[in-house]
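Step one of this worksheet: look at the structure below.
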Amino acid sequence: MRVNGVVRSQATALRSLQHGLNSRQTWTRHVCLGAPHRCVSTAVLRPVNVVSRDQRIQWQSRRHQAGAAAAMLEQAQAEPGELAQQTIIENLNPEEAKRLSMVRNIGIAAHIDSGKTTATERVLFYTGRIHSIHEVRGKDSVGAKMDSMDLEREKGITIQSAATFCDWVKKNDSGEEEKYHINLIDTPGHIDFTIEVERALRVLDGAVMILCAVSGVQSQTITVDRQMRRYNVPRLSFINKMDRMGANPFKAVDQINHKLRLPAAAIQVPIGAEDNFKGVVDLIRMKAIYNEGAKGETIRETDEIPADVLPVAQERRAKLIETLADVDEEIAELFLDEQTPTPDQIKAAIRRATISLKFTPVMMGSALADKSIQPMLDAVCDYLPNPAEVENLALDRRRQEASVKLVPYNSLPFVGLAFKLEESNFGQLTYIRVYQGSLKRAAVLYNARTDKKVKIPRIVRMHSNEMEDVQEVGAGEICAVFGVDCASGDTFTDGQLGYSMTSMFVPDPVISLSIAPKHSKDGSNFSKAIARFQREDPTFRVHFDGESQETIISGMGELHLEVYVERMRREYNVDCITGQPQVAWRETVTESVNFDHLLKKQTGGAGDYARVMGWLEPTGSLGENKFETQVTSGAISEKFLSACEKGFYQSCEKGPLLGHKVLGVNMVVNDGAIHMTDSSDHAFNTATQQAFRKAFAQANPQVLEPIMKTTITAPTEFQGNVVGLLNKRNATINDTDTSAEDFTVYADCSLNSMFGFSTQLRAATQGKGEFGMEFAHYSATTPQLQRELVAKYAKAQQEKSKK
Ligand SMILES: Nc1nc2c(ncn2[C@@H]2O[C@H](COP(=O)(O)OP(=O)(O)OP(=O)(O)O)[C@@H](O)[C@H]2O)c(=O)[nH]1
């Protein structure tokens, strides 16, 4: 309570200081509110009227920030979760609150080919960041700004997320122009590049989820939905491709409600559709909005809603209010009192409900036809949170990992997260989200993981593959820095705080293949490329299999690995030979088995002697392996025990059944014996590995296979065919959503059974079906498959040993 007492008295002092500042007192007061002497004292400095007004404001703001910052830090640490950050900021520093209220950090995420890059191109054009529009796979062969990699432009897909920023000038409710600063990340749609979406959503405050007006919620929309939920990201939905034949935005709205189980309502209705799509009606203000000019750059708003659209607009407006009443108390009360909310009340309710993740407002347009992108930008500013409205937590390593709120306040000690690494022509580029404090050029930061100091020589703001140097980046913003050696997901502080932020979810790779450079002269470039890709992409893993003498790369899917092989050729001039893609099998044990193993080689010269005893057992979960020592007799020294531990973990890298990794195994060493001269680290390491192999074979070992959460969507007439395909693959169907036109099946399928599925699905649905897969968990294979795999591996081993 004492802590709270101090905080409360500081808050009171700050309120009176605030009051003083607001009433523009003639004398400044010196305020000191930090530990260890927390004091509030007044001291006459000098009459303010002898300095310029600007300087006075600067002083007041600086002094105010220092005091306020100290109190806020104290409060954020003492009472995590108790005060809304918005309240802290608004109460303590109106200038900071104003700055932050004009910042939006957003991502654009969607199913493949929904138009994310095309929409982003319009956003950049309308905000003046680019001066002409280029299409994805457009005839001018330039390609969209955000698909800067050659391979992206050729394939017409986004492979890497690209960051950019722009300023959007928007009229507020009083008709005044306000400039919003938007940091934007365009993410790939393919599940193979899902880490790009994960890390973007980890650091963004809001997102625009794009859907296709014809296809609605698709398999990858469901994955993106899951990812947005994982990081609590509020979102707007934008139904794109309203110009396409068969566009049906209301079907998509229903699907968001039913398939994603997220309350959604249209806040616009279309004027015309398909070729005749002209614009939208804003249901909040009941105005028709049209894009005019060669590239839709001029917005014309009118009160005249076409007569044929008016009934739909009225009906959908009523539906919007009804949906809001379900998720917002203020609207619910008005609804119960049979009052019609005002446009301001509706907007405020949409903002509250969107930020609290209870609702998504749905907009519609056509990026390709340059329609309705500007209202989407207005909505980003109106309904998505600013950095101060999002709760970001860190763990305080100096206080038993207590969780603390980060406050996006420039004068607080710096905390930032390195969320993405990228090699550039000027060296390694590290993308950082600044959560607290500001980042200045030449600042010295500490890496919370390694405790190493780094100096920041250069800070840039990214605009796809171009960059703009800046001296400082404020709290709540996104930037990139050069010259920082770190891993993706590292936290940086200025050394004052022992904070560390939780990182993003990194899915396990599920597919692997062997790879080698075609020509031995390319060895060094090959290694360089492999090292770089691994540093940049945590889902791309590489290991060298000593036995087969092969380099094995693993990733999220065939396309993922294909892209890296292709990038080696283009960017490093290395042609590669690759093996067949293989499932990333795992191995485990299902029973507990005791072991007592003696390694004894004492025939002349220095010998090897080590005896290890204990047991091998399943950990109970298919997670990390564990090694325990319970040697009470002193039979094995600590030094040799750590050699045993090493031997155990080495064994887990290459399981005895198939040579794949071992999961969920616990090895306990509780006794053993040493020899005065012949025992060594090497002997204990080897003895442990031998004991492991023997015990593993007796502990009813089991091959595990990756099970994929699979979502398949197709027109309803093909439901029977699709279910038939799944049954053939022994899939477990968990759920089905059926509508008049299409259906979605949610199933668990083993990855091994899904090779070639896309071709068969295409054949079974006349090319109209699509599917998405995401790793769910490992599960035991059938005994028959296990026998086949083990036999195949044993045969391959025998052949190798004959050579
Ligand atoms: N008819 C129509 N086509 C569109 C529209 N927006 C985008 N497209 C087309 O859809 C295709 C995919 O567009 P992209 O912008 O690359 O889609 P994306 O979501 O960024 O794609 P990935 O990042 O690869 O998942 C391109 O051929 C676009 O020209 C639209 O509003 N109407």
Side-chain angles (χ1 to χ4, degrees), residues 107-126 130 133-164 184-197 200-201 207-224 227 237-249 252 268 270 272-280 291 295-296 363-376 464 556-557 559-560 562-563 770-772:
I108 298 200
H111 182 84
I112 310 152
D113 276 356
S114 316
K116 297 176 288 292
T117 307
T118 309
T120 309
E121 190 80 354
R122 270 62 187 176
V123 167
L124 296 178
F125 180 70
Y126 297 137
I130 55 173
I133 291 176
H134 297 286
E135 303 302 351
V136 173
R137 266 191 291 208
K139 290 200 186 90
D140 60 8
S141 313
V142 175
K145 177 77 199 163
M146 302 300 272
D147 282 347
S148 59
M149 211 193 273
D150 283 348
L151 201 55
E152 292 181 320
R153 292 185 170 187
E154 268 170 42
K155 288 191 179 258
I157 57 165
T158 305
I159 292 170
Q160 284 186 331
S161 61
T164 187
L184 190 150
I185 298 187
D186 172 25
T187 62
H190 282 274
I191 185 77
D192 287 29
F193 311 112
T194 195
I195 188 67
E196 293 287 296
V197 186
L201 292 178
V208 178
M209 179 172 80
I210 298 193
L211 297 104
C212 167
V214 181
S215 313
V217 169
Q218 294 172 272
S219 52
Q220 188 68 16
T221 323
I222 294 166
T223 312
V224 165
Q227 290 169 320
S237 302
F238 181 80
I239 300 175
N240 190 33
K241 306 200 183 182
M242 283 298 299
D243 58 320
R244 271 190 64 190
M245 214 163 71
N248 184 351
Q268 296 173 338
E274 304 178 354
D275 283 353
N276 204 20
F277 175 61
K278 295 196 190 86
V280 292
N291 284 74
K295 284 288 169 194
M363 319 193 63
M364 49 203 68
S366 164
L368 194 63
D370 307 317
K371 289 201 171 65
S372 201
I373 296 291
Q374 294 94 329
M376 187 256 278
S464 187
M556 301 310 300
L559 180 64
H560 188 207
E562 241 171 59
V563 161
E770 55 176 51
F771 79 108

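Everything numeric in this text was worked out from a predicted model, so none of it was measured. First listed ligand is number 1; within each ligand, the first listed atom is number 1. Positions are given from 1 along the sequence.
- Close contacts between ligand 1 and I112 involve ligand atoms 25 (O) [criterion: under 4.0 Å to a heavy atom].
- The N/O atoms of M242, backbone and side chain alike, include none that comes under 3.5 Å of an N/O atom in ligand 1.
- Closest heavy-atom approach to atom 8 (N) of ligand 1 among the candidates K116, Q220, K241, E121: K241.
- Under the 3.5 Å distance criterion, the side-chain polar atoms of N240 are left unmatched by any main-chain donor or acceptor of L211.
- Residue contact check: T118 has heavy atoms under 4.0 Å from atoms 6 (N), 7 (C), 13 (O), 14 (P), 15 (O), 28 (C) of ligand 1.
- When heavy-atom distances to ligand 1 are checked against a 4.0 Å cut-off, D243 comes that close only through its side chain, counted from C-beta outward.
- Distances between N or O atoms of G365 and those of ligand 1 include no value under 3.5 Å.
- Considering backbone and side-chain atoms alike, L368 places an N or O below 3.5 Å from some N or O of ligand 1.
- Note on ligand 1: S114 sits in its first shell, one or more heavy atoms being nearer than 4.0 Å.
- Once rounded to the nearest 0.5 Å, the distance linking OG of S366 with CG of N291 reads 9.5 Å.
- Q268 places a side-chain N or O within 3.5 Å of a backbone atom of M364 that can act as its donor or acceptor partner.
- For I210 against A119, the heavy-atom pair with the smallest separation is CD1-CB, 3.8 Å.
- The atoms of ligand 1 that sit less than 4.0 Å from any heavy atom of R244 are 1 (N).
- Judged by distance alone, with hydrogens and angles left aside, the side-chain atoms of Q227 form no donor-acceptor pair with the main-chain N or O of L201 at under 3.5 Å.
- Closest of all the heavy-atom pairs between Q374 and G296 is NE2-O, 2.8 Å.
- Close contacts of ligand 1 with S366, meaning ligand atoms under 4.0 Å from a residue heavy atom, involve 30 (C), 31 (O), 32 (N).
- Judged by distance alone, with hydrogens and angles left aside, the side-chain atoms of S114 form a donor-acceptor pair with the main-chain N or O of H111 at under 3.5 Å.
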